[in-house]
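Each remark here refers to the structure printed beneath this line.
Chain identifiers are assigned alphabetically (A, B, ...) following the order of the sequence lines, protein sequences preceding nucleic acid strands; residue numbering begins at 1 within each chain.
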Amino acid sequence: MTELAKAYTPKETEDRWSQAWSDAGAFNATVTPGKKPFTIVIPPPNVTGILHMGHALNNTIQDILIRFHRMKGFEPLWMPGTDHAGIATQNVVERKLGKEGRKRQDLGRDKFLEEVWRWKEEYGSTIIRQLKKLGASCDWRRVRFTMDEDYSQAVKEVFIRLFEKGLIYQGNYIINWCPRCQTALADEEAPHRDLQGNLYFLRYPFKDAPDEYVIVATTRPETMLGDTAVAVNPKDKRYKKIVGKTLLLPLMNREIPVIADDMVDPAFGTGCVKITPAHDPNDYVTGKKHALAFINVLHPDARINENGGEYKDMDRFEAREVIIEDLKEKGLLEKIEPHALSAGHCYRCHTIIEPYLSKQWFVRMKPLAVPGIAAVKDGRISFYPKRWTKVYLNWMNNIQDWCISRQIWWGHRIPVYYCRACYKPASVDSPAQTAATGKKNIKHEKQHIPGLIVAAVKPAACPHCGATDIYQDEDVLDTWFSSWLWPFATFGWPKQTHKDAQGIDHDVREELAFFYPTSALVTAPEIIFFWVARMIMAGFEFMGDIPFKDVYIHGTVRDIEGKKMSKSLGNVIDPLEIINEYGTDALRFSLISITAQGQDVFLNKERFEQGRNFANKIWNASRFVMMNLDNSQVNRDLCLTFKNEQMSLVNRWIISRLYSTLKEVNKNLETYKFNEAANLLYRFFWHEFCDWYLEIIKPEIKQPENQLIMFKVLEKFLRAIQPFMPFITQEIWSRLKPSEGLIMQQSWPHLQEQLIDKKTEQRMALILEVITAIRNMRADLEILPTQHLHAVVAAATKPKRELIEHASGHIGYLCRLGTLAVQEKLEHRKSTVTSVVSDVHISLSLEGVVDVEKEKAKIDAKIKKAESDVKAKENTLANTSFVERAPAEVVEKERQRLAELKETLIKLKAVKHALE
RNA sequence: GGGCGCAUGGCUCAGUUGGUUAGAGCGCCACAUUCACAUUGUGGAGGUCAUAGGUUCAAGUCCUAUUGCGCCCACCA
């Protein structure tokens with residue numbers, strides 16, 4: 001054992017152990033028959049990511065689970081990796097190019113992808129390094145990337161299988177289009193945000209009676225350029241006559257019909273709806289139903305295209321203004337009303353999305369959702385906290401088809417090839433709209449489109465016509481189309497063997513059989529739909545089983561004002577800065593201790609001081625134990641087991657408290673209540689082991705039994721706190737038990753329930769109460785610690801008297817008493833103060849210790865002072881001009897102050913009385 | 001429009017299936033430094049548990065309504 005420095009210095013310690021753990025391969029997981037697996041796959045951070053507090057929380061939780069289960073004897077595998085994050089990464093690299101004055105389009109696809117790969121090689125492992133710094137005990141040999149060669153094979157395989165099954169189809173449909181990223185987005189990628197906009201009331205004249213018109217209401221007047229009808233509700237009496245009449249679309253002078261359709265709500269606006277089939281999902285359905293023309297009026301960048309007449313090339317919002325001006329001029333603008341609305345926004349660049357008609361690839365989700373719904377309903381998969389179950393089921397029950405094609409370059413290119421000679425794009429209704437049109441039971445048959453070939457590699461010739469001019473689909477797949485395979489594709493599925501970073505071959509089937517399904521998934525609520533739900537569906541579809549048993553959803557990390565932490569708000573607390581300043585263990589412990597299950601986390605920097613202080617406390621308590629530990633003594637006694645009934649009360653007490661705490665810690669860790677577990681350990685160690693136990697045994701610290709117990713309790717505590725604070729515990733362990741290897745490889749402290757003794761805990765609690773009461777009295781009288789008092793403690797029952805007698809040494813020591821007498825009844829004495837706690841009467845004699853006369857004089861002086869203060873305050877408050885003129889809160893403060901002073905006065909008088 | 005969450009001392013939050021005296025951290029006040037630790041110790045002040053009803057022997061905890069804040073979902077132009 002070597003002596004410890006006076007304060008814990010995390011920096012040097014952490015780097016040293018990180019290296020040692022990795023050298024020892026301590027995090028490596030292998031198939032171990034006879035052992036139970038415990039598997040977690042990391043939610044792969046974006047390659048563009050840098051560690052933020054959300055990552056820190058998310059990964060600390062996972063690491064605690066992994067480290068806890070490792071000690072419990074499981075074979076733990078934590079699978080690490082990163083996500084290629086299609087749009088996000090492409091945007092980052094484009095921005096970088098932009099700064100150099102270059103554009104993606106100028107480079108061309110291949111050159112641009114080279115740039116992205118170069119960027120990935122240079123910066124892509126930043127987040128991995130940072131996770132290592134956090135102490136994350138992932139099996140780093142296995143680190144995966146969603147664009148790895150093998151992983152890409154899995155993605156292709158899945159696309160082909162789903163296509164063959166009829167679950168992937170190509171179709172023309174209205175999708176969410178981001179005009180800035182210029183790609184389609186899935187519904188989940190275009191969250192609605194509230195906007196303050198206007199409702200524009202436009203007049204559409206009749207062809208035959210140009211002075212008469214119908215009024216339509218719209219929030220996006222620029223779409224009127226693409227209107228091909230006006231709809232009214234067939235039951236709406238006001239408009240019965242006009243159904244079938246022809247209108248003249250203003251500005252465009254196009255003839256459009258008035259049609260009748262149930263989808264129109266007569267109560268909204270004027271009850272007349274302009275129909276723009278190419279720019280609104282509802283209108284699209286209506287357009288299909290009524291065989292209307294589909295006129296696309298937008299370029300992909302949301303400028304008006306050639307179908308917009310004189311507005312061609314204007315930006316959509318500029319066109320909106322101009323169109324309104326023009327209509328006003330022609331007397332065709334009825335009115336403009338302010339209107340609260342919500343619109344989809346791109347989740348990557350926050351641009352307002354445009355509903356846009358285009359050819360895309362979709363996954364039919366309803367059949368995939370069926371087993372995923374059942375698994376959660378019957379409890380094979382559980383959400384923690386439970387309430388997310390409902391959110392998940394609600395989404396799954398109303399699931400829409402998934403648009404998986406993206407018009408960007410960075411990603412898995414769609415494994416589809418076209419024959420230039422014979423391919424004609426499909427025009428297929430997606431189930432999303434068949435539901436709306438009332439058609440049911442759409443068949444899940446493989447889609448047959450001549451000249452369209454779905455294959456992992458480019459075919460030599462078109463199987464339909466034999467032509468050889470074949471080209472690949474330009475689009476790439478949604479990033480989540482690769483992420484949803486994460487729980488099994490990371491193992492190398494569907495291949496037989498898989499090489500890790502060290503070139504070692506892993507048997508994929510064997511590993512999946514052992515480690516899959518995974519045990520727990522730890523993630524944030526915002527990706528339940530994006531990722532969690534889809535992994536469940538993929539798990540069933542491709543592995544025939546759930547991908548994980550438990551889903552733990554933690555809260556969002558916010559700043560102290562409740563705002564989400566984000567760079568743009570400038571309210572970010574950088575975890576690396578905290579690590580640098582306070583240490584990794586401090587960061588981890590603080591984060592965990594303040595994060596209640598599933599609640600959002602509110603952070604400010606001061607909160608990390610608690611973790612740092614705790615680390616330092618652990619350090620110093622260990623230092624104290626080691627300083628006082630007699631080596632030979634401990635080595636001899638280490639093999640002893642606790643012989644409970646023969647031990648002293650304090651030793652029985654601290655052991656009972658240790659196991660009581662451990663029992664609760666176990667329970668809380670098993671139910672994902674990490675904060676409870678952390679705080680229990682904190683309270684036990686600091687406020688019971690340090691504040692009471694070590695203080696009590698100090699005078700008799702060399703007793704063999706005390707030596708043994710303080711050592712054992714410390715040692716067990718270190719093991720229990722290890723999952724939370726791996727670095728400091730390792731450092732202390734290496735000095736406390738240098739021959740016993742890494743602390744993370746020790747077993748979790750075995751819960752010895754027979755050593756939990758509530759009776760002992762109660763008895764001890766009484767003694768602590770007595771001690772506190774005596775200290776309390778001393779503090780009230782301002783008696784210096786150097787002044788030793790005489791105390792008399794009286795209890796009516798014999799067991800209590802015996803207990804206090806037994807503990808009188810401890811009480812005397814901790815209260816700095818000269819003598820302590822235990823009696824049945826308290827006699828009235830002169831110059832004493834008294835107190836009662838739990839039926840125990842305590843009397844402190846001030847005679848000979850405190851000069852009673854002097855003390856009396858002091859008290860008298862204080863009473864005098866207090867009385868004059870009270871009088872002064874009363875006068876102030878009696879002053880009507882003060883009460884009337886001063887601000888209410890000032891008056892209130894004065895009142896409170898007066899009440900306090902009066903209370904003090906009463907106390908002082910009581911003490912004076914006691915002295916007489 | 002639907003759903004969910006939150007409201008507890010000056011601040012930020014715990015409080016598991018209803019059960020003695022509602023806890024913690026920070027902050028505040030007083031005292032203590034040749035003591036493992038001032039990144040400390042001892043003691044203290046400070047709470048109508050958002051509001052109004054209800055169930056119960058018993059409610060911070062369960063039910064109903066109300067108010068305020070936050071989040072998610074949604075094709076009402």
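- Scanning for salt bridge (Lys or Arg N to Asp or Glu O under 4.0 Å) contacts around A:Asp691 gives an empty result, with sequence neighbours left out.
- No engagement by A:Ser593 is indicated, since no non-hydrogen atom pair under 4.0 Å with the nucleic acid exists.
- Stacking of A:Lys698 on the aromatic ring of A:Phe624 is recorded, both the 6.0 Å distance cut-off and the 45° axial limit being met.
- Nearest to the side-chain atoms of A:Asp691 among the listed nucleotides B:G41, B:G43, B:C73 stands B:G41.
- Side-chain atoms of A:Asp187 and A:Asn176 form a donor-acceptor pair, as typed in the model, at a separation below 3.5 Å.
- Regarding A:Phe711, its CZ atom lies at a distance of 19 Å from the P atom of B:A36, rounded to whole Å.
- Rounded to an integer number of Å, the gap from A:Leu341 CG to B:A77 P is 7 Å.
- The gap from the P atom of B:G41 to that of B:A24 amounts to 14 Å, rounded to the nearest Å.
- Taking the C1' atom of each, B:C29 and B:C71 are spaced 40 Å apart, rounded to whole Å.
- Under 4.0 angstrom from either OP1 or OP2 of B:G44 there lies at least one side-chain N or O belonging to A:Asn776.
- In terms of the salt bridge (Lys or Arg N to Asp or Glu O under 4.0 Å) criterion, residue partners of A:Glu334 (sequence neighbours excluded) are, by chain and number, A:Arg203.
- Phosphate contact (OP1/OP2 of B:G41, side-chain N/O of A:Lys617, threshold under 4.0 Å): present.
- When heavy atoms are screened at a 4.0 angstrom cut-off, A:Tyr8 is found touching no nucleic acid atom at all.
- Distance from the side chain of A:Ala621 is smallest to B:A36 among B:A36, B:U42, B:C37.
- Base pairing in RNA chain B yields stems of at least 3 consecutive Watson-Crick or G-U pairs, both distances under 3.5 Å, namely B:1-7 with B:67-73, B:10-13 with B:23-26, B:28-32 with B:40-44, B:50-54 with B:62-66.
- Residue pairs satisfying the salt bridge (Lys or Arg N to Asp or Glu O under 4.0 Å) criterion with at least one member in residues 668-687 of chain A, sequence neighbours excluded, are listed as follows: A:Lys72-A:Glu670.
- Rounding to whole angstrom units, OH of residue A:Tyr672 and P of B:U16 are separated by 21 Å.
- Taking for each of A:Arg612 and A:Ile771 the nucleotide of RNA chain B with the nearest heavy atom, the 5'-most of the two is the partner of A:Arg612.
- Across all strands, A:Trp686 comes closer than 4.0 Å only to sugar-phosphate atoms, never to a base (heavy-atom distances).
- Atoms CG (A:Asn616) and C1' (B:A36) sit 10 Å apart, rounded to a whole Å.
- A gap of 11 Å separates the P atoms of B:U64 and B:C4, to the nearest Å.
- Every side-chain hydrogen bond (donor to acceptor under 3.5 Å, both in side chains) that A:Thr584 has, sequence neighbours left out, goes to A:Glu14.
- No close placement of the A:Trp388 and A:Tyr392 rings is indicated, their centers lying 6.0 Å or farther apart.
- When heavy atoms are screened at a 4.0 angstrom cut-off, A:His279 is found touching no nucleic acid atom at all.
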Legend entry - Contact pattern, 5' to 3', of nucleotides 18-35 of chain B - B, S or - by protein heavy atom under 4.0 Å: -------S----------

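- Atom P of nucleotide B:G43 and atom CG of A:Leu768 are separated by 11 Å, given to the nearest angstrom.
- Between the CG atom of A:Asp194 and the C1' atom of B:C73 there is a distance of 12 Å, given to the nearest Å.
- The A:Leu694 side chain lies nearest to B:A36 when the options are B:A77, B:A36, B:G43.
- Shown here are the salt bridge (Lys or Arg N to Asp or Glu O under 4.0 Å) partners of A:Lys758, two or more places apart in sequence or in another chain: A:Glu761.
- Side-chain contact check for A:Thr286 and A:Lys288: no donor-acceptor pair (N or O, by modelled atom type) lies under 3.5 Å.
- Taking atom NE2 of A:His192 as the reference point, atom P of B:C71 lies 17 Å away to the nearest angstrom.
- For A:Ile275 and B:C75, the CD1 to C1' distance is 12 Å, given to the nearest whole Å.
- Residues passing the salt bridge (Lys or Arg N to Asp or Glu O under 4.0 Å) test with A:Arg778, sequence neighbours excluded: none.
- B:A58 and B:G2 have their P atoms separated by 36 Å, with the value rounded to a whole Å.
- Comparing B:G46 with B:A30, their C1' atoms are spaced 15 Å from each other, to the whole Å.
- With sequence neighbours left out, A:Thr219 forms a side chain to side chain contact (heavy atoms under 4.5 Å, CB included) with A:Leu199, A:His339, A:Leu341.
- The side-chain hydrogen bond (donor to acceptor under 3.5 Å, both in side chains) test applied to A:Glu769 returns A:Ser838, not counting sequence neighbours.
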With 3.5 Å as the limit, what N/O pairs link the protein to nucleotides 3-10 of chain B?
{"residue": "B:C4", "atom": "OP1", "partner": "A:Lys390", "partner atom": "NZ", "Å": "2.9"}

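- Every residue two or more places apart in sequence or in another chain was checked for a side-chain hydrogen bond (donor to acceptor under 3.5 Å, both in side chains) with A:His554, and none qualifies.
- Nucleotides B:G5 and B:C57, compared at atom P, are 29 Å apart to the nearest Å.
- Rounded to a whole angstrom, the distance from the P atom of B:C28 to that of B:C35 is 27 Å.
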